[in-house]
Structures are given as C-alpha cells and as structure tokens.
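Counting starts at 1 for both ligands and their atoms, in listed order. Along the sequence shown, residues carry numbers from 1.
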Amino acid sequence: MMHVSPSILGADFGNLRDNVMRTEASGADYLHLDVMDGLFVPSISFGMPVIEQLRAASKQVFDVHMMVQAPERYIKTIADCGADSITVHQEATIHLDRTLYDIHSCGKKAGIALNPATPVDVLDCVLDQVDMVLIMTVNPGFGGQKLIPYTLDKIRALRQKLESRGLAGRVDIEVDGGVTCANLPHILEAGANVIVAGSAIFHGDIEENTKNFLKILRAHEQECEI
Ligand code: DX5
Ligand code: ZN
C-alpha cells in the first residue's frame with residue numbers, strides 16, 4: 001500500500017492544526033513529524049507537546065522521525081504522546097537491536113532511517129525486525145533541499161533485498177527529502193511506498209498539492225496491478 005506522509009516541518013507553524021487538517025481532509029492518511037535535537041542534526045524543531053496536541057486534531061498515522069542522538073531515551077515518551085510509528089537513525093543509536101525491541105514493546109511500529117552516506121547493508125542483521133526503512137534522500141536537518149540522485153540506487157537495492165528475503169509485503173520503504181511531483185515517479189519506480197514531502201505539500205495550496213501527490217501514487221498502484 002502506498003501512502004503520502006506530509007512533513008509538518010514545511011507547514012506554517014502559526015496555523016499548524018489547520019495545515020494538518022487540510023492534509024487529512026485531502027486524503028493523506030499519514031503525517032510525518034520531524035523531531036530534531038540540535039545535536040544529531042544542527043537544527044532544533046519541536047518535541048512532545050506539539051505531537052501530543054496535534055494528536056487530538058488528527059486520526060492520521062503519526063510517523064515520527066527522530067533526528068535525535070540516543071533516541072532510545074525518548075521512545076516511551078514519544079509513544080505516550082501518540083506516535084504510531086517511531087523511526088530512529090541507525091547512525092544515532094548504538095544498540096539498535098535493543099532500540100527496536102523497545103519501540104515494539106511500546107506497541108508501536110519501528111522504523112530505521114539511513115543517512116545518504118549509510119549503505120543499506122548495515123541493516124542485514126535486523127531487517128526482519130523492522131516495519132519500515134527510511135531512506136533519506138537529503139542530508140537530514142532542513143526542509144527544502146534538493147534530492148541527492150544516488151539515493152535512488154539505495155531504494156532499488158533495498159527493494160531487491162526485501163524481495164529476495166521474502167520481506168517485501170512486510171517492510172515499508174519510506175523516502176524523505178526533496179520529493180516533488182516531478183521526481184516522484186522515479187522514486188516510486190525505484191520501489192518506495194511511503195512518501196514524505198514537506199515543502200511540496202505545505203508551500204502553496206495544501207489541498208491541491210496533497211491531491212496531486214495522491215493522484216501520482218494511485219496511478220502508479222494501478223500500473224503495478226496491470
Ligand atoms: C529533513 C526532514 C524532512 C523534511 C523534508 O531532514 O527529515 O522530513 O521536512 O522536507 P522537504 O520535503 O521540503 O525536503
Ligand atoms: Zn523527516
């Protein structure tokens with residue numbers, strides 16, 4: 001199943017609830033929430049109170065992307081704030097196996113994010129324990145950057161790996177960074193199925209942008225069925 005996951009980092013923070021509700025009303029069933037600590041990435045974004053308050057306003061799947069050093073410190077709190085899926089960076093947590101276990105113990109889906117320079121092979125030992133792999137298509141930390149082309153090869157490599165290990169139906173491939181309606185067909189072709197977009201959804205007409213993304217996803221789904 002394909003999903004669009006609007007990243008609220010691109011939203012108007014003065015009208016956050018309104019912006020989120022517009023994406024939901026336009027058919028986005030996921031919402032991407034970027035937590036940044038100013039250490040793993042240079043910037044600081046938002047944390048628990050924002051997630052908790054938005055939770056009351058939306059029924060979307062809350063897809064929390066932790067750009068945080070040692071994210072294991074916050075898993076329980078983030079889960080209690082209403083996350084449905086918690087994604088940690090492989091580069092940020094030393095005991096990845098235990099971190100995945102902790103996320104699942106909270107009853108949440110577990111994702112692992114990889115920076116552009118991290119090869120997908122680092123996941124070989126834990127691939128059957130994850131619900132989602134997030135391939136960063138930009139260096140994490142800021143919205144509005146340009147997609148790095150070689151990251152598409154990583155999506156392809158991961159899709160192949162999942163298929164050869166019989167995990168294709170179980171593990172989602174998410175992409176994040178620089179996604180636009182123009183490059184989306186290439187990303188889908190490479191094998192991603194959860195699509196994050198910040199600027200391309202929230203800058204301009206949110207309803208129209210969300211619907212345009214969904215149209216491309218649905219067209220790709222139909223093509224795959226034929
Ligand atoms: C970047 C964040 C992204 C960001 C994407 O580090 O993880 O989720 O909001 O923004 P765009 O789609 O504008 O690149
Ligand atoms: Zn993100």
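- Under the 3.5 Å distance criterion, the side-chain polar atoms of K108 are matched with a main-chain donor or acceptor of A83.
- In terms of protein heavy atoms, atom 3 (C) of ligand 1 is closest to D176 OD1, 2.9 Å.
- A side-chain donor-acceptor contact under 3.5 Å links D37 to the backbone of Q69.
- Ligand 1 places these atoms under 4.0 Å from at least one heavy atom of H32: 8 (O).
- At least one N/O-N/O distance between G178 and ligand 1 falls below 3.5 Å.
- Considering backbone and side-chain N/O of D34, one or more are found under 3.5 Å from N/O of ligand 1.
- Proximity to A197 (heavy-atom distance under 4.0 Å) selects the following atoms of ligand 1: 12 (O).
- No side-chain donor-acceptor contact under 3.5 Å links D29 to the backbone of Q60.
- A salt bridge links R55 with D84: the closest approach of a Lys/Arg side-chain nitrogen to an acidic carboxylate oxygen falls below 4.0 angstrom.
- Look at G10 and you'll find every heavy atom at least 4.0 Å from all atoms of ligand 1.
- Among all non-hydrogen protein atoms, the one lying nearest atom 11 (P) of ligand 1 is G144 N, 3.7 Å.
- In this structure, T137 contributes its side chain and G177 its backbone to a donor-acceptor pair below 3.5 Å.
- For D34, the N, O or S atom closest to the Zn ion (ligand 2) goes by the atom name OD1.
- The nearest heavy-atom contact from the protein to atom 6 (O) of ligand 1 is G141 N, 2.7 Å.
- The Zn ion (ligand 2) lies closest to atom OD2 when only the N/O/S atoms of D176 are considered.
- Closest to the Zn ion (ligand 2) among the N, O or S atoms of H65 is ND1.
- In H32, the N, O or S atom that comes nearest to the Zn ion (ligand 2) is NE2.
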Steps toward salt bridge (Lys or Arg N to Asp or Glu O under 4.0 Å) verdict (E221, R218): CA-CA 5 Å; E221 270 174 341; R218 299 298 162 246; 3.0 Å; yes
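- Remark: ligand 1 and L9 share no N or O pair separated by less than 3.5 Å (distance only, no angle test).
- Put simply, the side chain of N183 gets close to the backbone of G178: a donor and an acceptor are under 3.5 Å apart.
- When heavy-atom distances to ligand 1 are checked against a 4.0 Å cut-off, S7 comes that close only through its side chain, counted from C-beta outward.
- Closest protein heavy atom to atom 1 (C) of ligand 1: F142 O, 3.5 Å.
- For atom 13 (O) of ligand 1, the closest heavy atom belonging to the protein is S199 OG, 2.4 Å.
- Salt bridge status for D18 with R22: present, with a side-chain N to carboxylate O gap under 4.0 Å.
- Within ligand 1, the atoms closer than 4.0 Å to a non-hydrogen atom of H65 are 7 (O), numbered from 1 in the order shown.
- In terms of modelled atom types and a separation under 3.5 Å, the side chain of D34 and the main chain of L9 share no donor-acceptor contact.
- For atom 12 (O) of ligand 1, the closest non-hydrogen atom on the protein side is G198 N, 2.8 Å.
- In terms of protein heavy-atom proximity, atom 10 (O) of ligand 1 is closest to G143 CA, 3.5 Å.
- Close contacts between ligand 1 and P140 involve ligand atoms 6 (O) [criterion: under 4.0 Å to a heavy atom].
- A side chain to side chain contact (heavy atoms under 4.5 Å, CB included) with E91 is found for exactly one of I112, V122, N115, L96, namely N115.
- Residue contacts with ligand 1 include G177, since one or more of its heavy atoms lies under 4.0 Å from the ligand.
- Judged purely by atom type and a 3.5 angstrom limit, T99 uses its side chain to pair as donor or acceptor with the backbone of H95.
- Of all the atoms in ligand 1, the ones that sit under 4.0 Å from a non-hydrogen atom of M67 are 6 (O), 7 (O).
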Side chain to side chain donor-acceptor pair (under 3.5 Å) evaluation trace for D97 with Q129: CA-CA 8 Å; D97 179 90; Q129 295 179 52; 3.1 Å; yes
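- The main-chain N or O of I201 is found under 3.5 Å from a side-chain atom of N209 such that the two form a donor-acceptor pair.
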